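Sharing a structure with you now.
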Amino acid sequence: MADLVNLEKTSSRVRKVIVPFSQAMIGLHRDNLKSICLYGSAVGEDFIPQKSNINLLFVMGKIGPPELKKSLKPISRGRKKGIVPLLLTVEHMKSSMDTFPVEFLEMKDNHTLLYGKDILNELEVNSRNVRLQCEQQLKGGLIRLYQVYLEIGMKEKRIRSLLINSLTSLIPIFRSLLRLKGKELPIKKRDIITDLEKVFTVKGDTFLKVLQMKEGRKIEDNLEKLFGNYLEEIEKLCIICDRMEV
């Protein structure tokens, strides 16, 4: 069985989980498995044991019912340990750069190759597609905030969850907005928000307070006021992104 590489770049907690899982997938798929990459928070300093997912990308030559069926048991076991696997073919990745540019750029910028060829590094993304997806995500996220609030009202627990989920989905968008401005890209969420404030003159403190909630820390602000401020800052970013030239 082929050896995994770059394990020294992973934390001991993550390594303990990904090694047996990756080796099981290599044993099952053999030559059809072209690459394995660890990406997301498990690569950086924002990883929170027992809370953060361990994201693994498996690049395959082909994916069909036989390949999916073989993967069922190891993936079921891996999910119980926090592993979230993503199976894609090489062709699917290369043909989806215009559809999911932000997601692929996030993986490309923040990953560790564990096995095979580093296909992520070969991907090229058009900046216009990145701007368009940023606009779609910001405006779609804002609509969702409106709609969910109308459904649930000011129920504290659910509003907290709504804000946290919203920020989690928008952090990659914030990074991509910085990328479009040609800025050096931070990895830590707190640094991303700080730079976003500097470049786009939004109130980073609003996003930082939601980040505090995500990290399990208390905030002193009234939740209804924070929700209103959050909506206001997302609206600002929608306008900024709409007017941005790339």
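Keep in mind that what you see is a predicted model, and the values were worked out from it rather than measured.
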**Study point:** Straight-line distance of N32 CG to I26 CD1, nearest 0.5 Å
**Key:** 13.0 Å
Check your understanding: Under the 3.5 angstrom rule, does the side chain of S95 hit a backbone N or O of E91 as a donor-acceptor pair?
Key -> yes
Practice item. Evaluate the side-chain contact (heavy atoms from CB on, under 4.5 Å) criterion for residues I171 and I192: first the C-alpha distance (whole Å), next the side-chain angles of each, then the deciding distance (0.1 Å), finally the verdict. Key: CA-CA 8 Å; I171 285 291; I192 293 168; 3.8 Å; yes
Review point. Under the side chain to side chain donor-acceptor pair (under 3.5 Å) criterion, do R179 and S176 qualify, and how do the steps go?
Key: CA-CA 5 Å; R179 178 187 285 109; S176 289; 3.1 Å; yes
Check your understanding: Which residue pairs pass the ring-ring contact (aromatic ring centres under 6.0 Å, His included) test with at least one member in residues 219-246, sequence neighbours excluded?
Key -> Y149-F227, F207-Y230
Check your understanding: Under a 4.0 Å N-O cut-off, is there an ion pair linking E106 with R175?
Key -> yes
Review point. Looking at I18, L4, L28, which one forms a side chain to side chain contact (heavy atoms under 4.5 Å, CB included) with Q23?
Key: L4
Practice item. State whether the side chain of E67 and the backbone N or O of G64 hold a donor-acceptor pair below 3.5 Å, judged by distance alone. Key: yes
**Study point:** Salt bridge present between D242 and K139 (N-O < 4.0 angstrom)
**Key:** yes
Practice item. Flag the pair R160 / L223 as yes when at least one side-chain heavy-atom distance between them is below 4.5 Å, and no otherwise. Key: yes
Check your understanding: If you measure from the Lys or Arg side-chain nitrogens to the Asp or Glu carboxylate oxygens, is any gap between E135 and R243 under 4.0 Å?
Key -> no
Review point. Using 4.0 Å as the upper bound for N to carboxylate O, is an ion pair formed by K236 and E233?
Key: yes
Revision key, fill the gap. Rounded to the nearest 0.5 angstrom, the CD1-CG distance for I36 and L38 is 10.5 Å
Check your understanding: Minimum heavy-atom separation for C241 to L138, with atom names?
Key -> CB-CD1, 4.0 Å
Check your understanding: Atom OG of S35 and atom CG of L120: how far apart are they, to the nearest 0.5 Å?
Key -> 6.5 Å
Review point. Looking at Y115 versus F58, is the centre-to-centre ring distance below 6.0 Å?
Key: no
Practice item. Check for a donor-acceptor pair, side chain of T10 on one end and backbone N or O of L7 on the other, with a separation under 3.5 Å. Key: yes
Practice item. Taking K183 for its side chain and L180 for its backbone only, find out whether a donor-acceptor pair lies under 3.5 Å. Key: no
Check your understanding: Crowded around E8 CD? As in, over 12 foreign heavy atoms under 6.0 Å?
Key -> yes
